[in-house]
Student: 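One structure, pasted below without further comment.
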Amino acid sequence: MLQALAVDWSAFFADSAVQTALVIGVCAALINASLGVFTLLRGHAFAGHALGDISSAGGAASFLLGISALWGFLGMAWAAALAMAWLGLREARERDLATGIVLGAGLGLTALLLYLAMTTTSASGSTVTVLFGSLFALPPSLAPVVLLLTFGTLCVIVLGYRPLLLIAADADLARAQGIPVALLELVYLLLLGLAAAISAMTVGAILATALLLGPAGAALQLATRPVWAFLLAALLAVLAVVLGILLSWQSYYWFSGTSWPVSFFIVLLTLLEYLGAGLWTAFWGGSTWTTAAPPPSACAEDC
Amino acid sequence: MPSSSTPAPTEPLLQIENLGVRLGGRQVLEGLDLSLESGVLCGLIGENGAGKTTLLRSILGLQRIASGTIRLAGGSVGKARDLVGYVPQKIAFDPQLPLRTRDLVELGLSGRHFGLPWRRRRYQAATKAALAAVGAEHFADQRLGRLSGGQQQRAVIAHALVREPRLLLLDEPLANLDFRSTTSLVQLLGTLVREHGLTVLVTAHDMNPLLPVLDRLVYLVGGRAATGTVDEVVRPDVLSGLYGYPVTVLRHHGRFLVLPDAPDGPGEMRHAGTELPPPSPREEA
């Protein structure tokens, strides 16, 4: 019983599967949290979800072709991102319809490719791996690649922070300032595709949404400044991933020698974070300035 | 043409000649002339689809024009972008947007700069002045999504003013405002023109709220315009020519109502007063 609760830290960190999982998981958390904030502000939650789901076709194809899962997921996610940029993300209703139809087609393709992978190759676990992630089974050689991609993504976000923020506030205001909105939207969609591909490998294509939207959604309820929203989202995402890995690893002792999937714990934790932020907002009024009413005298003109 | 980066004082701030714009095969603006000097408040009046937003987007350089020229302070539109502030229509910020009024105003200066997001101090004085100019100090630290419609308008006007433009374009700023907010916004526009020397071009489907501050008027109907002072434009002969059918101008306590003289088609007249048209001939079609 004691063994079930006490974490053997040295064994945890010495495990090479855990090391790879931690590096790639934290990268996925950082990318998804920061892009998730923009995604929510722009009202593109469904498009973000769809990119993750559609990337599963690429993951399935990678099994068939025998290439690295990252390039499979990424290729498909970028194809979908380019399609979205080409279709244009203007009217919310039109966009959701187009996204939904493309999403359905993408998942249908996934079904076919997974069927082919299962019948023609020996990759019997491919369905679970593609749809629900394989964080503990990733090759260590992938870690440097993912680290580099994450670093690049974060650089782009930091350097483009103010224009991206203004586009999120109101695209027309950004256009009026001469900001190349269409180009930045394309960059944003490609980064979103990258985020989807990396989180497809950690929590699975189907569950990629949780990492993209959960921490960002929680942070946006709590944060009072734009920068804080990004930092808080990153913190919450990293927390969910690291804690999820730890719980999954430790669950080996709880369930008589079979550990529960790491995706389950990560997704559960992001849900708890989101709910917790909601409860916090409900009881403590959330952002500090929203509770402070302006003085009535100053309000006389235009309230 | 020789370089004209230093315009003569007599040169108008905005000079539009024979402007034509086509959108998807439809002629949205046709043969439009407009000349505005500094310190003028000009109303751009017309119904939905009359071409008001298209004209503003053309001045901003966001709209490809089919014919004519637009010059800002003697220069081309693209080079003079900093001279123009823009307040788009239907502003409604997401309640979740973690931006305070102050942050939005600062983005008016810093928004197009790529690079590490610091150097804030440089912007703070200008931000403070812009907030004061629109009377937004008391909600400067509130989240944009929680502000009233009138307050959001002021926030965006401050965002546009912070770069100290000479021409301010506002697209339907009075839509969806209550009477009190309308009055105070119109007063604000008047102040910006009289005290800060700005030129303001404001679109509206109803000219009446703007009349107290209006110097000039562009009355747009189907892409064609009549331009001048209120007394020059809001007349039955001028507007009848513009609409292409006779209209009446009613004036009551200094406010105007423009009405068609006779109903559109002869068919409408026949059915006036009867409950329903006879069904038989329409069934066939």
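Each chain gets a letter, A, B and so on, in the order its sequence line appears, and its residues count up from 1.
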Student: Under 4.5 Å from any heavy atom of chain A, what part of B:Leu104 do you find: side chain, backbone, both or neither?
Tutor: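 When you check distances to chain A, only side chain atoms of B:Leu104 fall under 4.5 Å.
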Student: Is the shortest heavy-atom distance from the side chain of A:Trp228 to the side chain of B:Pro98 under 4.5 Å?
Tutor: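 Heavy-atom side-chain distance check fails, nothing below 4.5 Å.
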Student: Can you tell me which portion of A:Ala229 sits under 4.5 Å from chain B's heavy atoms? Options are side chain, backbone, both or neither.
Tutor: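 When you check distances to chain B, only side chain atoms of A:Ala229 fall under 4.5 Å.
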Student: Give, for atom CG of B:Leu97 and atom CG of A:Leu40, the distance between the pair rounded to the nearest 0.5 Å.
Tutor: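 Going from the CG atom of B:Leu97 to the CG atom of A:Leu40 covers 11.5 Å.
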Student: Around atom CD of B:Gln15, are there more than 12 heavy atoms of other residues, nucleotides or ligands at under 6.0 Å?
Tutor: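 Yes.
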Student: Inspect the surroundings of CG in B:Asp206 and state if more than 12 heavy atoms from other residues, nucleotides or ligands are less than 6.0 Å away.
Tutor: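 Counting other residues, nucleotides and ligands, CG of B:Asp206 exceeds 12 neighbours.
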Student: Find the one option among B:Gly111, B:Ser110, B:Gly85 whose heavy-atom pairs under 4.5 Å with chain A are most numerous.
Tutor: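 Heavy-atom pair counts peak at B:Gly111.
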Student: Heavy atoms only: give me the nearest B:His113-A:Pro163 pair and the separation to one decimal.
Tutor: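 Smallest heavy-atom distance, with atoms named: O-CD, 3.6 Å.
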Student: I'd like to know if the side chain of A:Gln177 reaches the main chain of B:Leu107, judged simply by a donor and an acceptor atom lying under 3.5 Å from each other, with no hydrogens or angles considered.
Tutor: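 Yes, A:Gln177 side chain to B:Leu107 backbone: donor-acceptor pair under 3.5 Å.
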Student: Search all heavy atoms of A:Ala176 against all heavy atoms of B:Leu60 and return the closest pair with its distance.
Tutor: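 Shortest heavy-atom separation between A:Ala176 and B:Leu60 comes out as CB-CD2, 4.2 Å.
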Student: Just wondering, more than 12 heavy atoms not from B:Phe93 lying within 6.0 Å of its CZ?
Tutor: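 Above 12, so yes.
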Student: Under 4.5 Å from any heavy atom of chain B, what part of A:Leu184 do you find: side chain, backbone, both or neither?
Tutor: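 The side chain, not the backbone.
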Student: Within this structure, what is the NE2-CG distance for the pair B:His159 and A:Asp170, rounded to the nearest 0.5 Å?
Tutor: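 B:His159 NE2 to A:Asp170 CG: 8.0 Å, rounded to 0.5 Å.
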Student: Below 4.5 Å from any heavy atom of chain B, which atoms of A:Ile179 appear? Answer side chain, backbone, both or neither.
Tutor: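 Looking at A:Ile179, just its side chain touches chain B.
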Student: Let me know if B:Val84 has heavy atoms under 4.5 Å from chain A in its side chain, its backbone, both or neither.
Tutor: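 Contact with chain A: none, neither part.
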Student: Output the distance between atom CZ (B:Arg112) and atom CZ (A:Arg162), rounded to the nearest 0.5 Å.
Tutor: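 If I round to the nearest 0.5 Å, the distance is 11.5 Å.
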Student: Is any side-chain heavy atom of A:Asp172 closer than 4.5 Å to a side-chain heavy atom of B:Asp171?
Tutor: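 Sidechains of B:Asp171 and A:Asp172: no contact.
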Student: So, for A:Leu41 and B:Asp94, which heavy atoms are closest and what is the spacing to 0.1 Å?
Tutor: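 The pair with the smallest heavy-atom distance is O-OD2, 4.1 Å.
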